[in-house]
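Just so you know, residue 1 is the first one in the sequence shown, and it goes up from there.
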Amino acid sequence: LQLNTFIENSFRMVAGTQSNDTVVKDIISVIQASDLGWTLKRAVQDELSKSFVNVKDIKRLVPVFMKESGWDIKVRNIVFMYLMTHIPAPHPITPPETLKEPMSFIRNAQARWEKRILKSINTMCTEKNIPLARMRTIREQADFTQKWKDMTFSDENMGDIRPVYAPKDFMEVLTSLSSPNYTAKIYDYSDVNERSGTSVWGLIQVRLHLNTTQQLRVLFSNLSTHHFQTGADDIEGPNPEWQRLGVKTVQLGYTPTAQRYLQQGCYPTQRGDIWLLALGVNLSPLSYQYYNQLRASVFKYELLVDRLFLQDVRLTAGNHEAYFVFEDLVVQILLCFSRDTQFLDHFKSTSASPPHAYTRNNMGETDQTVVYPPNGIIPFHGFSLFIAPMCFIWSDPVILYNVFKALYTRFFFRLHSLSSHPQGILSLCQQFETMLQTHQPQLFYHLREMGSHPLKHAFNWIMHAFAGYLETSQLLLLWDRVIGYGTLEILPVLAVAVFAFRRNNLMEVTTPSEAEAVLQDVSSLKVIPLLQYCLYARILHPV
């Protein structure tokens, strides 16, 4: 009881005006159900079971113990992360379907897209005569266990396995969307509004609320040239003062402080600790136990998506000059990922729904279905690139897995589902088009008239969060800012910056293939100077 009282007080301290009795009860239940809550309870029980503790002093001793042992900071971190991801309670009469996505035409489009994916999965099963899932034989389980750390072993012919869908397929769905409540009109240049954009030029025909360039400058104000930036102001070597501040940030152990620190980036030697803190990843013995349970499930059962993941790694991360050495580790993480039912929770905050499959001998009975795969996520071509860059930070698969889980459930899932959310792929693409045609209209018009629409080049960058395109150190500097600012809106800003930076070359091309050649390799670019150039230089003023 005293522990719950302390959690409630911590919540009200962090939440301020956002606190109410219902939310307080919710956060208490979240903490009690977490690994950290179990460890906290044991720690408090051990402290209070000491012989010198008087029952009458428990009310006073619990807060003292929490503060002296550092548990007060950990509880506040959980409260902070809860507030960052918490969906406010809806109005009682709000239809359930609108909680996931308020726009009905986007919900319908997402449902059609999911049916298309399921049809592809079923067709693959029929044509290749491969079951969705099967139990491995005892011999297969033993062989698989022995070869777990060498996941390039598969003797099966994977050449005829193709990705269920690629970014190009998803972009076609996005560009085919149109709102029944919006009619496209041709605007004069003087009538261009940065919030609504010009629907005639852009491929994205859905009008969503966007931040203006000025609002983005305010949002990313700590990216300005007035502040020190790792990746821009440390060309001659690391900044000792910034490194010392990073050490103090880790020692403090407070999540908001770590996120603020990442807004200006961090050095590779400190990135592991600061990312764990900023993402609210708490590792305990239960974390390792849970990972081992997922691994045991991989040993026991074979899923069709296992082949999809193996093929994706071979075609993307395993075929990348920087990531091929991590091929085994990436496969291990992805196979465990496919079995993790905890990922189903993120479907509460997205228009997507997990696919279902009929159980054996119950075809057609709707009450005899299960989520397939267990995590509810069908991989697309290039999915493994979300994991590969982080292998440069951690070699421990449990740490790597939990960080990927935090990144995916907070950010990456929005990059492959239809949504009107400000960080959804639809909004990010519209943000890119609106910024580019507002501030670089001549370039936008030139590429469009040539048949090489800018979004066709930028879509892969955005959907993969630039993974596989930027040099790894630059990519991690970009992801520092994604975590630090808590938003994916920095991705279209960088995409616009690339086009603006290569404007002179693009204005000289006359064919789509020439434009593709100019934009094909961005691995040599420096992320932070480009972002500063895009947000704060005069190049973004309308011409």
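- Of all heavy-atom pairs spanning Asp340 and Leu294, the tightest one is CA-CD2, 3.8 Å.
- The minimum heavy-atom distance linking Cys391 with Leu400 is given by the pair SG-CD2, 3.7 Å.
- One distance of note links CG of Leu455 with CD1 of Ile462; it measures 6.5 Å at 0.5 Å rounding.
- The shortest side-chain heavy-atom distance between Val522 and Trp461 falls under the 4.5 Å cut-off.
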Self-check item: Evaluation steps, side-chain contact (heavy atoms from CB on, under 4.5 Å), between Trp113 and Phe170
Solution: CA-CA 9 Å; Trp113 172 241; Phe170 191 47; 3.7 Å; yes
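- Ring geometry, Tyr408 versus His346: the interplanar angle exceeds 60°, so the pair is classed perpendicular (tilted spans 30 to 60°).
- Looking at heavy atoms from C-beta onward, Ile490 lies out of side-chain contact with Leu219 at the 4.5 angstrom threshold.
- In this structure, the side chain of Asp312 engages the main chain of Gly382 through a donor-acceptor pair within 3.5 Å.
- Taking all atoms of both residues into account, the shortest heavy-atom contact from Lys100 to Thr350 is NZ-O, 2.9 Å.
- Comment: Lys147 does not engage Asp328 in a salt bridge, judged by the lack of any side-chain N to carboxylate O separation of less than 4.0 angstrom.
- Proximity of a side-chain donor or acceptor of Trp479 to a complementary backbone N or O of Ala465 within less than 3.5 Å is detected.
- One N or O on the side chain of Glu101 and one on the backbone of Ser420 form a donor-acceptor pair closer than 3.5 Å.
- Distance alone, capped at 3.5 Å, is enough to place a donor-acceptor pair between the Arg271 side chain and the Cys266 backbone.
- Within the 3.5 Å criterion, the main-chain N or O of Gln141 finds no donor-acceptor partner in the side chain of Lys300.
- Only one option out of Phe412, Phe309, Phe337 pairs with Phe386 in a ring pair (Phe, Tyr, Trp, His ring centres under 6.0 Å); it is Phe412.
- Here the side chains of Glu327 and Arg314 are in contact, with some heavy-atom distance below 4.5 Å.
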Exercise. Go through the steps to decide whether Thr123 and Thr126 satisfy the test side-chain contact (heavy atoms from CB on, under 4.5 Å), and finish with yes or no.
Key: CA-CA 5 Å; Thr123 301; Thr126 303; 5.8 Å; no
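- For the residue pair Gln263 / Gln259, no side-chain donor-acceptor distance below 3.5 Å is found, with atom types taken as modelled.
- With Thr255 contributing its side chain and Leu277 its backbone, the two residues share a donor-acceptor pair below 3.5 Å.
- Looking only at side-chain heavy atoms (C-beta outward), Leu262 and Trp275 come within less than 4.5 Å of each other.
- When every heavy atom of Asp306 is checked against every heavy atom of Ser338, the shortest pair comes out as OD1-OG, 4.0 Å.
- Ring geometry for Phe343 against Tyr401 counts as perpendicular: the plane angle is over 60°, on a 0 to 90° scale with 30° as the lower cut.
- Ring pair Phe326/Phe392: centre-to-centre distance below 6.0 Å.
- The structure places OH of Tyr323 at 13.5 Å from CG of Leu329, a figure rounded to the nearest 0.5 Å.
- The side-chain heavy atoms of Met124 and Arg307, taken from C-beta on, include no pair separated by under 4.5 Å.
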Practice problem: Kindly indicate, with the supporting measurements, whether the criterion side-chain contact (heavy atoms from CB on, under 4.5 Å) is fulfilled by Thr257 and Lys248. | Solution: CA-CA 10 Å; Thr257 305; Lys248 291 181 180 179; over 6 Å; no
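- Looking only at distances, a side-chain donor or acceptor of Thr230 sits under 3.5 Å from a matching main-chain atom of Gln264.
- Rounding to the nearest 0.5 Å gives a distance of 9.5 Å between CZ of Arg414 and OG1 of Thr487.
- A side-chain donor from one of Asp396 and Tyr288 sits under 3.5 Å from a side-chain acceptor of the other.
- Using a 4.5 Å heavy-atom threshold, the side chains of His421 and Ser349 count as separate.
- Phe144 carries Arg136 over the face of its six-membered ring, with the cationic atom under 6.0 Å from the centre and within 45° of the normal.
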Exercise. With side-chain contact (heavy atoms from CB on, under 4.5 Å) as the test, would you mind laying out the steps for Leu315 and His381 before giving the verdict?
Key: CA-CA 8 Å; Leu315 295 176; His381 180 64; 4.0 Å; yes
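- Although no hydrogens or angles enter the test, the distance criterion places no donor-acceptor pair under 3.5 Å between the side chain of Tyr291 and the main chain of Pro397.
- Among all heavy-atom pairs drawn from Pro379 and Leu308, the shortest one is CG-CB, 4.0 Å.
- When atom types are taken as modelled, the side chain of Arg481 and the backbone of Leu477 share a donor-acceptor pair closer than 3.5 angstrom.
- Atoms CG and OG, on Leu475 and Ser523 in that order, are 12.0 Å from each other to the nearest 0.5 Å.
- Separation of atoms OG (Ser351) and CZ (Arg107) is listed at 9.5 Å; rounding is to 0.5 Å.
- The shortest non-hydrogen separation linking Pro373 to Ile377 is CG-O, 3.3 Å.
- Taking 4.5 Å as the limit, every side-chain heavy atom of Gln474 sits out of range of all side-chain heavy atoms of Leu525.
- Met103 places a side-chain heavy atom less than 4.5 Å from the side chain of Leu208.
- Between Phe383 and His416, the angle of the ring planes goes over 60°, which puts this pair in the perpendicular group of the 30/60° scheme.
- A donor-acceptor pair is defined here as one N or O able to donate and one able to accept, closer than 3.5 Å; such a pair exists between the side chain of Asp169 and the backbone of Ala166.
- From Lys168, atom NZ reaches atom CG of Asn460 across 10.5 Å, with rounding to the nearest 0.5 Å.
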